*Asks:* 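Shown below is the structure under consideration.
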Amino acid sequence: MDRLETCKQIAMELPIAFLIPIVLLFASGVVSIEAQMAPSIASIEKTFMTPPNESRPMVRWWWFGAAVEKPEILRELRQMKADGIGGAELAFVYPEVLDDPALNLKNLPFLGQEMLAAVTYAQAEARKLDLRIDLTLCSGWPYGGPATTLTEAAGRLRIVEMPVPSKATSGVSPRLAEGETLIAAFLVSGEPKHWDPSSAKPLRKDYAVTSNTPQVALFFMASHTGQQVKRAAVGAEGFVLDPFSHEAVASHLRSVGEPLLKAFSATPPYAIFSDSLEAYGADWTPRLPDEFKKRRGYDLIPHLPEFAAGGSIAADKVRHDYGRTLTELVDENYLTQINGWAETHGTKFRSQTYGEPAVSFSSQRLAALPEGEGPQWRAFSTLRWATSANHVFGNKVSSGETFTWLHSPVFRATPLDMKAEADIDFIMGENQLIFHGWPYSPPQASANGEPGWSLYAAAVFNDRNPWHPVMPAVNDYIARISYLLRQGKPANQVAILLPTDDAWASFSPGKVSVSGAMTKLINPELMSAILAAGYNVDFIDADAIERLGISYPVVIIPPTKRVPLATMKKLREYTAAGGKVMVVGKQKFVDESGNPDADLLRISSEVLDGGARAATIADLAEALHRTVAPDLRIEAVRKTLEMSSTEDELRRSVGFIRRKLPDADIYFVANTGNQALAMFATFGSVYRAGVTIDPESAMVSSVLAVRQSIHLAPYESRIFIFSNLRTGPAKVVSVRNLADLSSDWQVRFSGDGKTVTEHSLTDWIADRATLHYSGEAAYTRDFTLESKPVEAVYLEVEGGVALPGSPNSQAEPAVLGANGIPDPLLTKPGPGMHAYYDPPLHEAALVFINGKAAGALWHPPYRIEVSKLLVRGLNHIEIRVYNTALNSWSGLPAHDYKPLIARYGDRFQMQDLDKVEPISSGLLGRILLKEEALQ
C-alpha cells in the first residue's frame, strides 16, 4: 500500500480535526503508528483517539441532604455524558440547605422511600446513557450510622492512671461510661505518665501498699471512640462501626447495604465503595484478647502495662503482635466479608484500604478494586500504595480519588491545575481517575448569584463552573492516557520492601495505622533519590513476597529492623535467580519479635553479597546505576535563551511510567514542573526506535530510544512507543510567523452583553465593570492571508510565568483532639495541589476559525493546529475565553451558614473563604499564527 492509500485509510477512521496533521506527517516522511507498527500496536493507536467508555474518568457525585429531584438528576447525568465522563459514584453527604417548599427543596432522609426512589431513578437513567454507576455503601464516611449500636461501634482501649497514696489499703476505681467494661487493673511503681511497667502486679479491689515509694493504679477498659459518621446526610447520623467485628459489619450490610442494593433492582452497581478508613483511634474490639491468644499463642492481658508504656524490646514485641492481630481481624471481618457480600450481590468491592484501622499493604488483595489517593509523587503516598498493590496482585485498573484538595477554595481550580495533578497520578500508576468531584446543584442553589453547591474542600467539575465548556477536551485527554496505561503490563524496575513489621512494632494506644507509620519509615529523600536516578518504583511487603515471589529487577530494603525469616529465604531464592537486593545504610536485621536470629543473619548475608549497598541515600543513585540500567536517563541540553534546564531541574521535574507489551514499550513522560525543559533522553527499552505522540492532536513523529532530543513546556506530557519500527527522527526545519494577532480584538462579555475594543489585551479585573465578572468572553477579529498555507499552521498564545512553589502536594492535615486523635468534626485547610504558573490565558478557551471549531486551549503550550480551517484572503477568528467563578462570587455577601448549623449541627467547614477574591482573567499573552515545515 503506498502512502496515499494508507493516508486515505487512516482518514476514514480518524476525526476530521486530526486529518491535516496526519496527512502532513505522511507527506514529510513522518508516518503514523498504524501504518508501520505491529498489529497490536496498530489496534492501540486506532483506539487511542476514541478510547472506550471504561477508560473515561468518573466523578464522585455528591447528593447533599439528600435534596435531589428527578429532573435535575437526569439533566446532570446527560451533562456528564456530554462532557465525556464515564460514570458517577453516588455519595450521600451533609445537607447544604434547609427544607424550603417555596423553592421545592427538601432533604430526603437517608434510606427513606423517596431517597431510595431517587437512587432507583438515577441508576436506571445512567444505564440508558451507558454511564457506570458505583455506590457508596453508607452516607459520609466511614461506615456506620443510626443502625450501628453502641455495642457495634468502633472501640478503643481507654487507660486511666490514678496515683495511689502510700500505705493505702484500698483505692477508687474510675467510673465506667456507658458501654465500657473493665479489662484489667495493675499496680505499678512510679507516678502518672512516669511509671515502671516491669513492676506491674494485678490490682485487686482490696489491697495494701507496703512501700513508701509512689505507686500508680492502671485501669484498662474496653471503651468506644464515640466517633460519629463524618459528613452524614439527614437521617444517617450515628456511630462509626467496629471494623474488627464480623457482627458489626454484617449488621451494616443488612441495614444499609441491602436497602441501597435493592434500589438497583436487578441491575446492581458496577461497584460498591468504601472510602479511606478513618475510624480514628479504633484500636480495640471485645474479642481481641481471645483472638490474640488464639493467633499469637500467649495472653495479651498481663502484657497491657508494657504495651501501653513501650520503650523496650519486650514491649515492641507485644505491640508487633497486637498490630498483626488487628490487621488480621480487619482483613477477615471487614474486607473479606464486604468483598464476599459484593460478589454475592453481583457487584465488586472498591476499597480505599489504608488509614485507621490497621490494614496492611497486602490487605488490598482482599478487595476486588483497590483504590488510592494523594499526589505525593516523591514521598510515601496511599495512591502509590494502591497502584503498587494492583501491579503486584495483577489488577489491570488502578483507580484513584483525584483532585481531593485541588487548588482551594472551591471553584478556584482550573483545567491546568487538573493536568498538573493528573499527570503526577498517571506516573504513579493510576489509570482510572475518579474526580472529587461533581456536586449535585439545582438551579435554585444559584438563584442569588452564588455559583452553586459544593463540597467544603474540593474542586467543582459540573456545569456551574464557568470554564466547564472545555471539560470535554480535558476528559478526552485523561481518557486517552488512562486507556494507554492499561495496555500491556506494568514495568516499574524497583520495588521497595515496606517495613510492615516495624510499623506494627511502632503501634501504641490510639495509633494503629500501618500506612500512617509508612510516612515516617519511607521518607521523601529515599523516594526522590530513586525517581531522580531514572527509575520508577512500586511498594511490596513481606506477605506479598511470601505469597507471590518477586517480579522486579531490584528490591530495595529501606532502613529496616524486622524482616521475617520466611521473607529473607524468599529473597535468597530471588537473588539466586538473578534478582538484585539493595540496602540503604548499614543494617543488621532482627526477627519479627525484635530478637537476633542466627539463620536470619546468615541468610541476609548471602542475600546482600549478591546485591549492593548505598551507605547513604545520597549514594543510592550511583549504587542503582551499578546494579541495573535506568529506565529513563536524561541529560540537560546546552542552555539557550528559550530553554534553561539544569540536570537538577530535569531530575526534579521529569516523571515517567512504562507499560510493557509483547512487541513494544509504552512510555508516558511528563514535565511536572513550571519551567520549560530541554533534554536528551535515553530510554531503557530493548527497541531502538519508535514514535512520539501528542496526546491531544494525535501528531506523530519518529524518535530514537538513545539521546533523543525532547522539549517540554511547563506541565506538558508526551507519549513514546518503541518497537521494531525502522525510522529516523523527524525535526522541525523551519518555523515562521504568519501573523501577529495580539492586538485589535473585539471582546463581548456574553453574560452581560458588554462589548469593548481592546487594542492591547487587558486583564478583566483591571476594569471595575468586569472586576466581578465570571463566565465567557468572545474575542473576535479578522486577518488576511496572501495564500492558503501548505505546511502545518498553529495558533499559539505565548507567555506565562513560573511561580514559586512545589509541584507536589503535602499530605492532608488533621485537627488533633486533646487525646491526640484526629477530630472528625473539624478540618484544616487542605494542601491545595495546583499548578505554580501564571498562564497567558485565564483560564481556558475554545477556538473557532471561520466559524468552525478548531479545539481547546487549556494548558501549556497554548497552541492548536488550524491548517485546514484557514483560507486565502480574509479569515475570521473567535476565541471564547472562560475564567473561574471566584470573580463573581467575591462580589457577593458571605453566605450565612448559621441557620443550617442551628438545624443540623456543624457538619462541615468551608475552606479558605478568605481567598475568595477576583483573580486575573482573560486573554493576556501574545497571539501568533506559526507555520512549521517538517522533513
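As a basis for the values below, the full set of heavy atoms in this structure was taken, side chains included, without hydrogen atoms, waters or symmetry mates. All of these numbers come straight from a predicted model, not from anything done at the bench. Position 1 is the first residue of the sequence, and the numbers go up from there.
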*Asks:* Check whether any side-chain N or O of R127 sits under 3.5 Å from a backbone N or O of T267 as a donor-acceptor pair, and report yes or no.
*Replies:* yes

*Asks:* Can you confirm whether or not the ring centre of H252 sits under 6.0 Å from the ring centre of Y143?
*Replies:* yes

*Asks:* If you look at every heavy atom in P95 and Y904, which pair is closest and at what distance?
*Replies:* CG-CD1, 3.5 Å

*Asks:* Can a donor-acceptor pair be found between the side chains of E401 and T404 at a distance below 3.5 Å?
*Replies:* yes

*Asks:* Rounded to the nearest 0.5 Å, what separation is found between the CE atom of M518 and the OG atom of S506?
*Replies:* 8.5 Å

*Asks:* Quick one, D543 with R324, criterion salt bridge (charged side-chain N to carboxylate O under 4.0 Å, His left out). Give me CA distance, side-chain angles, the key distance, then yes/no.
*Replies:* CA-CA 12 Å; D543 285 350; R324 181 161 199 124; 3.3 Å; yes

*Asks:* Look at the rings of F64 and W62 and say which category their plane angle falls in: under 30° parallel, 30 to 60° tilted, over 60° perpendicular.
*Replies:*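 Tilted, since the angle between the ring planes falls between 30° and 60°.
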
*Asks:* Can D502 and K561 be counted as an ion pair, charged N to O under 4.0 angstrom?
*Replies:* no

*Asks:* Could R231 and Y94 be counted as a cation-pi pair, given that NZ or CZ must be under 6.0 Å from the ring centre and within 45° of the axis?
*Replies:*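 The answer is no, since R231 fails at least one limit relative to Y94.
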
*Asks:* Would you find a donor on one side and an acceptor on the other, under 3.5 Å apart, between the side chain of N339 and the backbone of L335?
*Replies:*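 Checking the backbone N and O of L335 against the side chain of N339, no donor-acceptor pair under 3.5 Å is found.
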
*Asks:* Answer yes or no: is there a donor N or O on one side and an acceptor on the other, between the side chain of T327 and the main chain of A358, under 3.5 Å?
*Replies:*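 Yes, because the side chain of T327 sits within donor-acceptor range (under 3.5 Å) of the backbone of A358.
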
*Asks:* Are K317 and E306 within salt-bridge range, i.e. N to O under 4.0 Å?
*Replies:*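 Salt bridge between K317 and E306, a charged N being under 4.0 Å from a carboxylate O: no.
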
*Asks:* Answer whether the closest heavy-atom distance between the side chains of W341 and L261 falls below 4.5 Å.
*Replies:* yes

*Asks:* Are any non-hydrogen side-chain atoms of M527 and I522 less than 4.5 angstrom apart?
*Replies:* yes

*Asks:* Does some side-chain heavy atom of D321 sit less than 4.5 Å from a side-chain heavy atom of W504?
*Replies:*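 No. Closest side-chain heavy atoms not under 4.5 Å.
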
*Asks:* Please name the pair of heavy atoms, one in S362 and one in D541, separated by the smallest distance, quoted to 0.1 Å.
*Replies:*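 Scanning both residues completely, I find the closest heavy atoms to be OG-OD1, 2.7 Å.
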
*Asks:* Between K294 and F292, does the side chain to side chain contact (heavy atoms under 4.5 Å, CB included) criterion hold? Intermediate values first, please.
*Replies:* CA-CA 5 Å; K294 180 173 69 175; F292 184 97; over 6 Å; no

*Asks:* For E343 and K348, run salt bridge (charged side-chain N to carboxylate O under 4.0 Å, His left out): C-alpha distance rounded to whole Å, both residues' side-chain angles, the deciding distance at 0.1 Å, then the answer.
*Replies:* CA-CA 6 Å; E343 291 176 350; K348 301 177 181 181; over 6 Å; no

*Asks:* Decide side chain to side chain contact (heavy atoms under 4.5 Å, CB included) for T560 and D501; before the verdict, give the C-alpha distance in whole Å, the side-chain angles of both, and the deciding distance to 0.1 Å.
*Replies:* CA-CA 9 Å; T560 299; D501 290 275; over 6 Å; no

*Asks:* Sort out for me which residue in T285, T225, T151 forms a side-chain hydrogen bond (donor to acceptor under 3.5 Å, both in side chains) with D242.
*Replies:* T285

*Asks:* Do R486 and Q432 have a side chain donor and acceptor closer than 3.5 Å?
*Replies:*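 Side-chain D/A pair, R486 to Q432: present.
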
*Asks:* Inspect the contact between D283 and R158 and indicate whether a charged nitrogen and a carboxylate oxygen are less than 4.0 angstrom apart.
*Replies:* no

*Asks:* Quick check for you: to the nearest 0.5 Å, what is the distance between D597 atom CG and F589 atom CZ?
*Replies:*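 One finds 13.0 Å between CG of D597 and CZ of F589.
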
*Asks:* Run N431 and V397 through side chain to side chain contact (heavy atoms under 4.5 Å, CB included) and show every step you take.
*Replies:* CA-CA 6 Å; N431 56 22; V397 176; 3.8 Å; yes

*Asks:* Is the distance from the ring center of Y354 to that of F361 below 6.0 Å?
*Replies:* no

*Asks:* Just checking Y322 against F307, ring centres under 6.0 Å apart?
*Replies:* yes

*Asks:* Out of the candidates S398, S399, P490, only one should pair with N390 under the side chain to side chain contact (heavy atoms under 4.5 Å, CB included) rule; please name it.
*Replies:*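 Testing N390 for a side chain to side chain contact (heavy atoms under 4.5 Å, CB included) against S398, S399, P490 leaves exactly one candidate, S398.
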
*Asks:* Could you tell me if the side chain of I496 sits less than 4.5 Å from the side chain of I540, heavy atoms only?
*Replies:* no

*Asks:* When you check the gap from the basic side-chain N to the acidic O, do R132 and D134 get nearer than 4.0 Å?
*Replies:*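 Here R132 pairs with D134 in a salt bridge, since their nearest N and O are under 4.0 Å apart.
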
*Asks:* Roughly how far, to the nearest 0.5 Å, is the CG atom of N492 from the OG atom of S551?
*Replies:* 10.0 Å

*Asks:* Do Q352 and E373 have side-chain heavy atoms sitting under 4.5 Å apart?
*Replies:*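 A side-chain contact under 4.5 Å exists here.
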
*Asks:* Please report the shortest heavy-atom distance between S381 and M428, naming the atom on each side.
*Replies:*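 Of all heavy-atom pairs spanning S381 and M428, the closest is OG-CE, 4.2 Å.
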
*Asks:* Report the C-alpha distance between E430 and L383 in whole Å, list the side-chain angles of each, state the deciding distance to 0.1 Å, and finish with yes or no for side chain to side chain contact (heavy atoms under 4.5 Å, CB included).
*Replies:* CA-CA 8 Å; E430 184 178 341; L383 177 58; 3.4 Å; yes

*Asks:* Kindly check if the number of other-residue, nucleotide or ligand heavy atoms within 6.0 Å of CG (L150) is above 12?
*Replies:*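 Yes, the 6.0 Å shell around CG holds more than 12 heavy atoms from other groups.
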
*Asks:* Which heavy atom in P305 sits nearest to a heavy atom in L218, and how many Å separate them?
*Replies:*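 Here P305 and L218 meet closest at CB-CD1, 4.2 Å.
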
*Asks:* Any donor-acceptor pair under 3.5 Å linking the side chain of S251 with the backbone of A248?
*Replies:*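 Answer holds: no.
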
*Asks:* Is S139 reaching over with its side chain to a backbone N or O of A233, donor-acceptor style, under 3.5 angstrom?
*Replies:* yes

*Asks:* I'd like to know if the side chain of T382 reaches the main chain of W385, judged simply by a donor and an acceptor atom lying under 3.5 Å from each other, with no hydrogens or angles considered.
*Replies:*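 No: the side chain of T382 does not pair with the backbone of W385.
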
*Asks:* Q364 versus S388: any side-chain heavy-atom pair under 4.5 Å?
*Replies:*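 The answer is no, as the side chains (C-beta and beyond) never meet within the 4.5 Å cut-off.
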
*Asks:* Got a donor-acceptor contact below 3.5 angstrom from the S255 side chain to the A147 backbone?
*Replies:*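 No, because the side chain of S255 does not come within donor-acceptor range (under 3.5 Å) of the backbone of A147.
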
*Asks:* Nearest 0.5 Å please: distance from the OH atom of Y270 over to the CG atom of L369.
*Replies:* 6.0 Å

*Asks:* State whether E291 and R287 are salt-bridged, where the test is any N-O pair (Lys NZ or Arg NE/NH1/NH2 against Asp/Glu carboxylate O) under 4.0 Å.
*Replies:* yes

*Asks:* Would F539 and F380 satisfy ring-ring contact (aromatic ring centres under 6.0 Å, His included), going step by step from the backbone distance to the final call?
*Replies:* CA-CA 10 Å; F539 300 136; F380 176 83; 5.3 Å; yes

*Asks:* Under a 4.0 Å N-O cut-off, is there an ion pair linking R60 with E89?
*Replies:*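 Yes.
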
*Asks:* Okay, side chain of E546, backbone of A544: is any donor-acceptor separation there less than 3.5 Å?
*Replies:* no

*Asks:* What distance do L366 atom CG and Q337 atom CD have between them, rounded to the nearest 0.5 Å?
*Replies:* 12.5 Å

*Asks:* Any side-chain heavy-atom pair from L137 and F349 closer than 4.5 angstrom?
*Replies:* no

*Asks:* If every non-hydrogen atom of R319 is compared with every non-hydrogen atom of A309, which pair is closest and at what distance?
*Replies:*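 Heavy atoms of R319 and A309 come nearest at NH2-C, 3.8 Å.
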
*Asks:* State the CZ-CG distance between F220 and L300, to the nearest 0.5 angstrom.
*Replies:* 9.5 Å

*Asks:* Does K569 come within less than 4.0 Å of E573, counting only side-chain N to carboxylate O?
*Replies:*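 The answer is no: the pair does not qualify as a salt bridge.
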
*Asks:* Give the minimum heavy-atom separation between V229 and F239, together with the two atoms involved.
*Replies:*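 The answer is CG2-O, 3.9 Å.
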
*Asks:* Before giving the answer on salt bridge (charged side-chain N to carboxylate O under 4.0 Å, His left out), spell out for E258 and K262 the whole-Å C-alpha distance, their side-chain angles and the decisive distance to 0.1 Å.
*Replies:* CA-CA 6 Å; E258 294 290 350; K262 285 180 181 177; 5.5 Å; no

*Asks:* Report yes if some heavy atom in the side chain of K396 is under 4.5 Å from a heavy atom in the side chain of K489; otherwise report no.
*Replies:* no

*Asks:* What I want to find out is whether R350 reaches E371 closely enough, with some N-O distance under 4.0 Å, to be called a salt bridge.
*Replies:*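 A salt bridge is present here (some side-chain N lies under 4.0 Å from a carboxylate O).
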
*Asks:* Compute the centroid of each ring, for H303 and then for Y298, and state whether the two points are separated by less than 6.0 Å.
*Replies:*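 Here the rings of Y298 and H303 have centres that are less than 6.0 Å from each other.
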
